[in-house]
Novice: 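Quick one: the structure is below, and I'll ask about it shortly.
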2 protein chains.
Amino acid sequence: MRESDDGRAPEHPDPAGVPLQQVLDALVDPARRSIVRQMCDADDARAADISCGGFDLAVSKSTATHHFRVLREAGLIRQYYVGTSRKNALRRAEFGTAFPGLLDAVVDAERRARPECTPGRAG
Amino acid sequence: MRESDDGRAPEHPDPAGVPLQQVLDALVDPARRSIVRQMCDADDARAADISCGGFDLAVSKSTATHHFRVLREAGLIRQYYVGTSRKNALRRAEFGTAFPGLLDAVVDAERRARPECTPGRAG
DNA sequence: CCCGAAGTACGACCGCTGTCAAACTTTGAT
DNA sequence: ATCAAAGTTTGACAGCGGTCGTACTTCGGG
């Protein structure tokens with residue numbers, strides 16, 4: 001079980017080079033915003049990175065794959081393989097430098113609207 | 001030429017009651033973001049409110065009407081009639097209370113990406 | 001009174017994207 | 001070697017939303 005398999009590592013653009021349009025396109029979808037929010041909660045709690053299957057999502061696996069790619073290409077998350085599963089980490093600092101205040105504003109609004117941590121899971 | 005005609009005044013929801021989803025739906029469109037940015041620039045310069053036809057937009061009148069309505073229903077702008085024209089004002093304070101930091105983050109990113117004030121107009 | 005200017009309302013069209021199922025790949029365990 | 005688990009890829013489909021043109025309304029001026 002190697003960590004961070006070099007061979008199958010996906011592309012990770014520099015957030016500073018991502019157009020605002022692409023970032024907003026990524027954040028406008030409720031499923032993707034739910035993913036980001038769950039990652040933010042885990043990050044705040046200093047919990048381990050979450051694998052794709054570890055999220056609370058009401059969509060099929062192929063749709064989830066699609067959402068993760070959109071988030072990754074928008075510079076919002078980093079993905080790395082651990083065995084057969086893929087871990088996801090929020091690129092908080094890098095993204096925050098490129099788009100100051102944006103992620104916080106969105107996640108804060110999301111939390112204000114839905115204080116429950118993750119419907120269906122404890123936490 | 002009456003100001004703020006009471007009879008034909010459109011609905012203006014309280015920004016605090018608008019779902020985050022609706023706000024992001026409003027801000028994700030580049031034409032609407034351009035409108036917001038121009039209003040923000042005018043507001044910063046303490047310039048007068050801009051009428052619908054006074055914006056630099058590359059769309060038809062009916063499309064523009066559509067965009068203004070989306071922005072108004074998202075709690076982002078206020079519209080009032082002056083004669084036959086409709087003035088538009090950014091609801092900065094009220095919206096900022098409901099969604100702290102969001103408008104600033106988006107407009108700042110927009111300005112960073114396109115420093116020109118308004119392509120095609122002086123300013 | 002009549003016309004033009006400024007927007008709005010309505011219908012239609014079209015492209016984009018979120019969605020899924022199915023087939024495939026890769027990894028780890030038995 | 002085999003099998004299951006975790007994701008990816010591809011192709012297809014459906015619905016939403018941005019766009020426009022046209023007709024309509026309202027206001028102000030000559």
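Below, read A as the first sequence line, B as the second, and so on, with proteins coming before strands; counting in each chain starts at 1.
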Novice: Determine, using the 4.5 Å side-chain heavy-atom cutoff (strictly less than), whether B:Leu102 and B:Val70 are members of one ILVMFWY cluster.
Specialist: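 Per the 4.5 Å side-chain linkage, B:Leu102 and B:Val70 are not co-clustered.
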Novice: Are B:Phe95 and B:Leu90 connected, step by step, through hydrophobic side chains (Ile, Leu, Val, Met, Phe, Trp, Tyr) whose heavy atoms are closer than 4.5 Å?
Specialist: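 In one cluster: yes.
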Novice: Using whole Å, what does the distance between atom P of nucleotide C:dA6 and atom CG of B:Asn88 come to?
Specialist: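 So the CG-P distance, B:Asn88 to C:dA6, works out to 14 Å.
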Novice: Need one value for B:Ser85: base, sugar-phosphate or nothing, where a base atom within 4.0 Å counts as base even if backbone is also close, heavy atoms only.
Specialist: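 B:Ser85: backbone/sugar contact only, no base atoms under 4.0 Å.
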Novice: In whole angstroms, how far is the C1' atom of D:dG18 from the CD1 atom of B:Ile35?
Specialist: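 To the nearest whole Å, that distance equals 13 Å.
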Novice: For A:Lys87 and D:dG7, give me the distance from atom NZ to atom P, rounded to whole Å.
Specialist: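 Distance check: A:Lys87 NZ to D:dG7 P gives 9 Å.
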Novice: Rounded to the nearest angstrom, tell me the gap between atom CD in B:Gln21 and atom P in C:dG18.
Specialist: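 That distance rounds to 11 Å.
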Novice: Strictly distance-based, threshold 3.5 Å: is any side-chain N or O of B:Asn88 a donor or acceptor partner for the main-chain N or O of B:Ile50?
Specialist: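 A pair under 3.5 Å: yes.
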Novice: Phosphate oxygens OP1/OP2 of D:dG7: is one of them under 4.0 Å from a side-chain N or O of A:His66?
Specialist: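 A:His66 to D:dG7 OP1/OP2: no side-chain N or O under 4.0 Å.
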Novice: Does this structure show an ion pair linking B:Glu110 with B:Arg37, if we count only N-O contacts that are shorter than 4.0 Å?
Specialist: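 Not counted as a salt bridge, because no side-chain N and carboxylate O are separated by less than 4.0 Å.
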Novice: Would you list the protein and nucleotides 20-24 of chain C atom pairs, both N or O, that sit under 3.5 Å from each other?
Specialist:
residue, atom, partner, partner atom, Å
C:dC20, OP2, A:Ser60, N, 2.9
C:dC20, OP2, A:Ser60, OG, 3.2
C:dC20, OP2, A:Thr63, OG1, 3.0
C:dA21, N6, A:Ser62, OG, 3.1

Novice: Among residues 68-75 of chain A, which residues get a heavy atom nearer than 4.0 Å to DNA chain D?
Specialist: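 Those residues whose heavy atoms fall under 4.0 Å from DNA chain D, taken from residues 68-75 of chain A, amount to none.
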Novice: Given atom CD of A:Gln22 and atom C1' of C:dT17, what is their separation to the nearest angstrom?
Specialist: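 Atom-to-atom, A:Gln22 to C:dT17, this comes out as 14 Å.
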Novice: Mind calculating the distance between CG (A:Asp25) and P (C:dG18) to the nearest angstrom?
Specialist: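 So the CG-P distance, A:Asp25 to C:dG18, works out to 8 Å.
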Novice: Grab the CG-P distance between A:Leu27 and C:dG18 for me, whole Å please.
Specialist: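 So the CG-P distance, A:Leu27 to C:dG18, works out to 12 Å.
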Novice: How close or far is atom C1' of C:dT17 from atom CZ of A:Arg33, stated in whole angstroms?
Specialist: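 In whole Å, C:dT17 C1' lies 16 Å from A:Arg33 CZ.
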Novice: Is there a continuous path of hydrophobic side-chain contacts, each under 4.5 Å between heavy atoms, that joins A:Val107 to A:Val28?
Specialist: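 Same hydrophobic cluster.
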Novice: Where the side chain of B:Thr84 is concerned, which of C:dA6, C:dG18, D:dA6 is the nearest nucleotide?
Specialist: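 My answer, after comparing the listed nucleotides, is C:dA6.
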Novice: Can you tell me which residue pairs pass the salt bridge (charged side-chain N to carboxylate O under 4.0 Å, His left out) test with a partner in residues 88-108 of chain B, sequence neighbours excluded?
Specialist: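 Non-adjacent pairs meeting salt bridge (charged side-chain N to carboxylate O under 4.0 Å, His left out): B:Asp43-B:Arg92, B:Asp44-B:Arg92, B:Arg78-B:Glu94, B:Arg91-B:Glu94.
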Novice: In the single-linkage hydrophobic clustering (I, L, V, M, F, W, Y; side-chain heavy atoms under 4.5 Å), do B:Leu57 and B:Val106 co-cluster?
Specialist: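 The answer is yes; both residues are in one hydrophobic cluster.
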Novice: Nearest to the side chain of B:Asp29, which nucleotide is it out of D:dG18, C:dG7, D:dT9?
Specialist: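 Within the option list, the nearest is D:dG18.
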Novice: Is it the case that one hydrophobic cluster holds both B:Phe68 and B:Val36, taking links as side-chain heavy atoms less than 4.5 Å apart, direct or via other members?
Specialist: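 Same hydrophobic cluster.
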Novice: Mind running side-chain contact (heavy atoms from CB on, under 4.5 Å) on A:Gln79 and A:Cys52 for me, showing each step along the way?
Specialist: CA-CA 9 Å; A:Gln79 299 188 286; A:Cys52 291; 4.1 Å; yes
